[in-house]
Undergrad: 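There's a structure below that I have some questions on.
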Amino acid sequence: MCLLAALCSTGSLRDAVEETGTRVIVLDALLSAMTGGDLTWQGFVRSLLEPLSALAQELDLAIIGVAHFRKAAGADPLLMISGAAEFGQVVRSAIGFARDPESAGGSCVMSLIKSNIAPMGTPSLRYVIAPASVRADDGQLTSVGRFELTGE
């Protein structure tokens, strides 16, 4: 059985949210949690996402699924997640992140690619991942990437 289906059908996810007061759930990587079927089969993705959507609405949660685009080119970013149109049909919002191949400075672009809750005219934002240092739990400095917005 698929991890998402198991969590939603047994009530264990609901129980954990109610016990902890969780307000945000991040599924990274979303597609790894969607096992047990072919993501391109009509109805499979919907059968996994709709229970999550219902849970989010009932418990006032934000559920974030992190997914990477397929290697194949395409014009519709929602279809580039797995080839299943159902991602775009079920989710309330989708934000795409991609490198800008025309940028001389190696910047990337963050764009609203689907929304039922914000105007679609929302501008895309340019960003870079800049090097930064933070102190780890052991007290040592470690190198990380810092998300920096650089404009529209």
Undergrad: Hey, quick one: are Ile129 and Val144 part of the same hydrophobic cluster, counting side-chain heavy atoms closer than 4.5 Å, chains of contacts allowed?
TA: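 In one cluster with Ile129: Val144, no.
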Undergrad: Within the 3.5 Å criterion, strictly below it, is a donor on Arg126 or Ser107 matched to an acceptor on the partner's side chain?
TA: yes
Undergrad: Within the 4.5 Å heavy-atom criterion, are Leu149 and Met110 side-chain neighbours or not?
TA: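 Leu149 reaches Met110 side chain to side chain.
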Undergrad: From Arg146 CZ over to Ser133 OG, what is the distance, rounded to the nearest 0.5 angstrom?
TA: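 Going from CZ on Arg146 over to OG on Ser133, the span is 9.0 Å.
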Undergrad: What distance do Ile95 atom CD1 and Ile113 atom CD1 have between them, rounded to the nearest 0.5 Å?
TA: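 One finds 9.0 Å between CD1 of Ile95 and CD1 of Ile113.
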Undergrad: Hey, what else clusters with Val66 if you join Ile, Leu, Val, Met, Phe, Trp, Tyr whenever side-chain heavy atoms sit under 4.5 Å?
TA: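 Other cluster members: Val24, Val26, Ile64.
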Undergrad: Please report the shortest heavy-atom distance between Gln140 and Asp138, naming the atom on each side.
TA: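 It is N-OD1, 2.9 Å.
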Undergrad: Compare all side-chain heavy atoms of Leu125 with those of Val109 and state whether any distance is below 4.5 angstrom.
TA: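 Leu125 does not reach Val109 side chain to side chain.
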Undergrad: Run Val134 and Leu141 through side chain to side chain contact (heavy atoms under 4.5 Å, CB included) and show every step you take.
TA: CA-CA 5 Å; Val134 296; Leu141 284 179; 6.0 Å; no
Undergrad: Does any part of the side chain of Arg23, heavy atoms only, come nearer than 4.5 Å to the side chain of Asp60, both counted from C-beta?
TA: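 Result yes, sub-4.5 Å side-chain heavy-atom pair found.
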Undergrad: Do the side chains of Ile63 and Leu27 get nearer than 4.5 Å, heavy atoms only?
TA: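 Yes - at least one pair of side-chain heavy atoms lies under 4.5 Å apart.
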Undergrad: From Leu52 CG over to Gln57 CD, what is the distance, rounded to the nearest 0.5 angstrom?
TA: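 Here the interatomic distance stands at 11.5 Å.
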Undergrad: I'd like to know if the side chain of Thr142 and the backbone of Ala136 have a donor-acceptor N/O pair within less than 3.5 Å.
TA: no
Undergrad: Answer yes or no: is there a donor N or O on one side and an acceptor on the other, between the side chain of Ser103 and the main chain of Asp100, under 3.5 Å?
TA: no
Undergrad: Which residues pass the salt bridge (Lys or Arg N to Asp or Glu O under 4.0 Å) test with Glu58, not counting sequence neighbours?
TA: Arg14
Undergrad: Name all residues meeting the salt bridge (Lys or Arg N to Asp or Glu O under 4.0 Å) criterion together with Arg92; count only those two or more places apart in sequence or in a different chain, and write none if there are none.
TA: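 Testing Arg92 for salt bridge (Lys or Arg N to Asp or Glu O under 4.0 Å), a comparison that skips the adjacent residues, returns none.
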Undergrad: For the CD1 atom of Ile117 and the OG atom of Ser93, what is their distance to the nearest 0.5 Å?
TA: 3.5 Å
Undergrad: How long is the straight-line distance from CG of Asp137 back to CZ of Arg135, given to the nearest 0.5 Å?
TA: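 Between atom CZ of Arg135 and atom CG of Asp137 there are 12.0 Å.
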Undergrad: According to a 4.5 Å side-chain heavy-atom criterion applied to Ile, Leu, Val, Met, Phe, Trp and Tyr, with indirect links allowed, do Leu30 and Leu55 form part of one hydrophobic cluster?
TA: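 Cluster IDs for Leu30 and Leu55 match.
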Undergrad: Ignoring hydrogens, what is the shortest heavy-atom contact between Tyr127 and Thr150? Give both atom names and the distance.
TA: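 It is N-OG1, 3.8 Å.
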